[in-house]
Amino acid sequence: MSSAAEKSPANANNDEPQRLLVIDGHSMAFRAFYALPAENFATDTGQHTNAVYGFVSMLIRMIADHDPTHVAVAFDLDTPTFRSEEYEDYKAGRSKTPEEFHGQIDLIQKVMEAMNIPHLSLDGYEADDIIATLAARGQEAGAEVLVVSGDRDAFQLINETTRVLYPKKGVSDIPPMDAEAVEAKYFVRPERYSDLAALVGETADNLPGVPGVGPKTAAKWLNLYGDLAGILENIDAIKGKVGDSLRAHVEDVKRNRRLNRLLTDLDLPVTFEALVLSHPHRDAVEELFDALQFNTLRKRLFDLFGEEEQPVEEEPMPPLELLETEEALRTWFAERAGQTFGLHLATVPVTGAPDDVVGVGFAAEGATAYVNVEQADQHLEEALATVLADAGSAKAVHDFKRAFKLLKERGLGLAGVVDDTMISAYLIQPDRRSHELGDIAQYHLRLTLEAEGESGQLELGLDEQDAAQPAVRAAYVVRLLSHHLAGQVLERGASRLLAEMELPLAVILARMENTGIAIDTERLDELIGDFSKTIDAATQEAYDAIGHEVNLSSPKQLQGVLFDELELPKTKKIKTGYTTDADSLQELLVKTQHPFLVALMAYRDATKLRQTVEGLRKTVADDGRIHTTYAQTVAATGRLSSLNPNLQNIPIRSEEGRRIRDVFVVGEGYETLLTADYSQIEMRIMAHLSGDEGLIQAYRDGEDLHRFVGSHVFDVAPEDVTSEMRSKVKAMSYGLAYGLSSFGLSKQLKISVDEARGLMKDYFSRFGAVRDYLRGVVTQARQDGFTSTIEGRRRYLPDLTSDNRQLREMAERAALNAPIQGSAADIIKRAMLGVDAGLQEAGLSTRMLLQVHDELVFEVAEGELDQVEALVRERMAHAAELAVPLDVQVGIGRSWHDAEH
DNA sequence: AACGTGCGAC
DNA sequence: CTGGTCGCACGTTA
């Protein structure tokens, strides 16, 4: 399925297959109303908009998913219909429409007018009749028909060309019902569905059926006698109680059948052609959506129809010029002075080492060029080096950090980088999972990395062309992308983040990665042995406890042992059965005291540790150091991530695990490792962002925050806060920043949900500003479509308005967390820039090695300790000006373990 | 190869 | 249904 953004507006071209989408307006509005909480959707004037929002959202999605050429919406009127005339209790007993629903139908109709989508209603008839009539007309015109209705009567319309979207509660992606689906569910073909409904009855319409007859019986009869008429002809042949029941209610059945027949011949004032889906009235939509305060929806709507979403007209790529002499290179760049060059490296893989740079592709206005680095003579290479290292020559690259490192391998510098399209794309869409050049070029420009006519065939004869073509093509694409993304980066207020934070940071990260951290490999090997012994012992214990062997690493086999064999109580359900996670095992142990559980948990702990240590062992480079790679465009909040290996999840909480930190040591020629971390940075940010006077003052006074909060929540003097109270508020304080529920808190603290709820209530009654802030974050994010950090880093969360509750609530928790986690990421990034600058200004040899979210690890050169400590403390503490101080804790030692404090 | 489960860190 | 952000290893399934 293509995304909404790719849809072009429909046209009535007769060569194209036509598809009509007909929607039951009231029923969809009601679905939307109940899918979205009314209290979250209201304008400043108090008009509720949840049904309008949900309706338009579903409509956009359906247009995107099904690509109709024609669309219409049918509404009921409040006036009597031929059905209520015949049967006065028709649809009686329906509960009154809620207060908040009032006026929303009118608004939906206004939106339809602005969107240029016809909406129809007809005195004396219901929406279903209009739908049936339109469906018939669509079919006559040869169109495929999709009916969207929450009324099962619509099933009678299903045939080879007509299908029904019948939204089930809580399902946003609705599979269309066709004849087979109806038959599978009701055991009759769609054309017999009305007969079946007449027999069974329809509670939604207050039409009683034959008592004792359900779909199965009705279907059995219909299949036996052909149709309802056939049943009535043979009515005396039907035996048993149900036969008597049928005979007693035959008039009801006949009435039901008259009422549930949809009319397909209404006199509607529109032709099929008038239903053609065309562009919205832009001004009308702007005005209406302003009034409704729909901001993200406006963008989705315009994206759906937007002209700018048409494929970008691709100009032929300028011809490739090979720069083979110093002179040629100088001339090429001199003629284009002042331009921003797209740049891309041609590389070849090398086993067990970084890729090798074999050439450099450049793109400028109307020209592309390639320099073969391997065949370059000294003059050419020097000229190239000059251009690359020239800060005055502006360049756009994709993945600056990688390019910087690869060039460095060749002894080449890289400066003047004004854009990294990978980072720009990330700042625009931090949630995207891939920011690879090919992906974002496809997404933003509809361009592929493969040039026209290049697919597959090798350019024969010239080896270097093989490397040159793709590199130059990439440089060309990078240049276009950079141009295209710059506007969006600016619009989203991310220009400073890019230029002053992420780009300079890339250089620092490249250096950290190249430096790596020294490893005591002997110690590492010892640890592997130690953990292995623990594993062997635990394994044996586990086998003894159950009398046979089993793969303790297989959740599936463990389920067999725990729940079938040992018949322990069932745990939480997961996709593949019942969970065997650590929390659940602990609960099982409390309940059953089974020795197998103890052994299994010991096995889990030890295998996790051995696995970590073995992973580290494999990544120790020839220089005896581990060189992680930092991913700058992965974490949606703005954090870095670390991979190959991940050095941001080295154990510390358990004594056994902490030993692993002993293998990270100071390198030869250096004096010591130094770690510096922010104390409670996320809580401090929460205090700052919420402006809670109590929390702010506590931090200013340098109090033990959790003790302080505990004394207020439990209403005791600070010195009377027990460690149990302290750990409770600590869990709660941190949980709040993650959107923790009272259920989650109760589980974590092993207390009742009531107790957890009470705890949270007390917390918020003392720290009301925190509650107001957290509420405000979600409301604001829903309005804006994004959250922001203190540096203006945005995270877009379209799911905040999803009609899927689970998605929506996940987005709400992400919205709570993103400003806090993201601001902490901003702060430590600023700190890294500051510390790095400070070290250089002071001409120190001390090196920054690692970043672990709120911690930096340094390798301190001989004699620099005092100076470095002062510098690091100062720069970290002043990386941001908050309402509370940023407390920095520093530790020193020969290993990472010893440098903990 | 892709997915699901489980778990380490902050 | 129920705590955010990651990366990685293993077993299982396609």
Side-chain angles (χ1 to χ4, degrees), chain A residues 170 430-431 433 550-559 571-585 600-601 603-616 618-619 628-631 633-654 656-658 660-661 677-683 686 731-748 753 756-757 774 777 787 795 797 804-822 824-825 828 850-855:
Chain A
D431 276 278
R433 42 227 121 8
V550 61
N551 184 344
L552 296 172
S553 296
S554 163
K556 198 186 172 203
Q557 295 183 36
L558 287 176
Q559 284 177 37
T571 56
K572 191 178 66 172
K573 269 208 156 149
I574 53 173
K575 282 181 189 168
T576 55
Y578 299 93
T579 183
T580 68
D581 66 16
D583 275 355
S584 305
L585 294 183
L600 174 58
M601 285 155 70
Y603 171 86
R604 281 255 177 91
D605 287 346
T607 45
K608 180 76 183 175
L609 293 175
R610 184 174 69 179
Q611 178 181 297
T612 300
V613 174
E614 282 184 328
L616 291 175
K618 286 184 202 128
T619 59
T628 186
T629 301
Y630 289 101
T633 61
V634 168
T637 53
R639 274 189 179 179
L640 299 175
S641 77
S642 155
L643 66 161
N644 297 320
N646 181 357
L647 294 187
Q648 290 177 326
N649 71 342
I650 304 302
I652 190 170
R653 293 174 187 187
S654 77
E656 279 294 286
R658 197 176 305 157
I660 298 177
R661 293 192 172 219
D677 65 52
Y678 283 115
S679 153
Q680 300 175 353
I681 189 169
E682 296 197 346
M683 274 306 292
M686 181 124 89
M732 184 158 47
S733 291
Y734 279 102
L736 289 176
Y738 300 151
L740 185 67
S741 64
S742 49
F743 174 86
L745 185 64
S746 76
K747 248 185 59 177
Q748 190 183 330
V753 175
R757 201 175 291 132
L774 293 173
V777 165
T787 61
R795 178 167 183 191
L797 294 163
N804 178 326
R805 198 177 88 161
Q806 195 172 346
L807 285 181
R808 187 174 66 248
E809 289 181 342
M810 278 173 60
E812 286 170 357
R813 293 192 292 269
L816 289 176
N817 179 250
I820 298 173
Q821 190 182 116
I828 195 155
L850 304 177
Q851 190 252 44
V852 192
H853 308 310
D854 67 355
E855 172 185 11

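Quick note: numbers below take in every heavy atom, side chains included, and nothing from hydrogens, waters or symmetry partners.
Within the 4.0 angstrom heavy-atom criterion, no nucleotide atom of any strand lies near R808(A). Using a 4.0 Å heavy-atom criterion, one finds that S642(A) contacts the sugar-phosphate atoms exclusively. At a threshold of 4.0 angstrom between heavy atoms, the contacts of A636(A) are confined to the sugar-phosphate backbone, with no base atom among them.
For the P atoms, the distance linking dT5(B) with dC1(C) amounts to 14 Å, nearest Å. Taking atom P on both dG4(B) and dT2(C), the two are 15 Å apart, rounded to the nearest angstrom.
Between the side chain of T619(A) and the backbone N or O of N644(A), no donor-acceptor pair lies under 3.5 Å. A side-chain donor-acceptor contact under 3.5 Å links R661(A) to the backbone of I650(A). Not one N or O on the side chain of S584(A) forms a donor-acceptor pair closer than 3.5 Å with the backbone of T580(A). In this structure, the side chain of E682(A) does not engage the main chain of I820(A) through any donor-acceptor pair within 3.5 Å. A donor-acceptor pair under 3.5 Å links the side-chain atoms of Y630(A) to the main chain of Q851(A), judged by distance alone.
Note that the first and last nucleotides of DNA chain C, 5' to 3', having any atom under 4.0 angstrom from a heavy atom of chain A are dC1(C) to dT13(C).
Other residues, nucleotides and ligands contribute over 12 non-hydrogen atoms within 6.0 Å of the CE atom of M601(A).
When all heavy atoms of P645(A) and T628(A) are compared, the pair lying nearest together is O-OG1, 2.7 Å.
Using a 4.5 Å heavy-atom threshold, the side chains of V777(A) and P819(A) count as touching.
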_Each nucleotide in nucleotides 4-10 of chain B should get exactly one letter: B, S or -. Can you fill that in based on protein heavy atoms under 4.0 Å?_
SSBBBSB
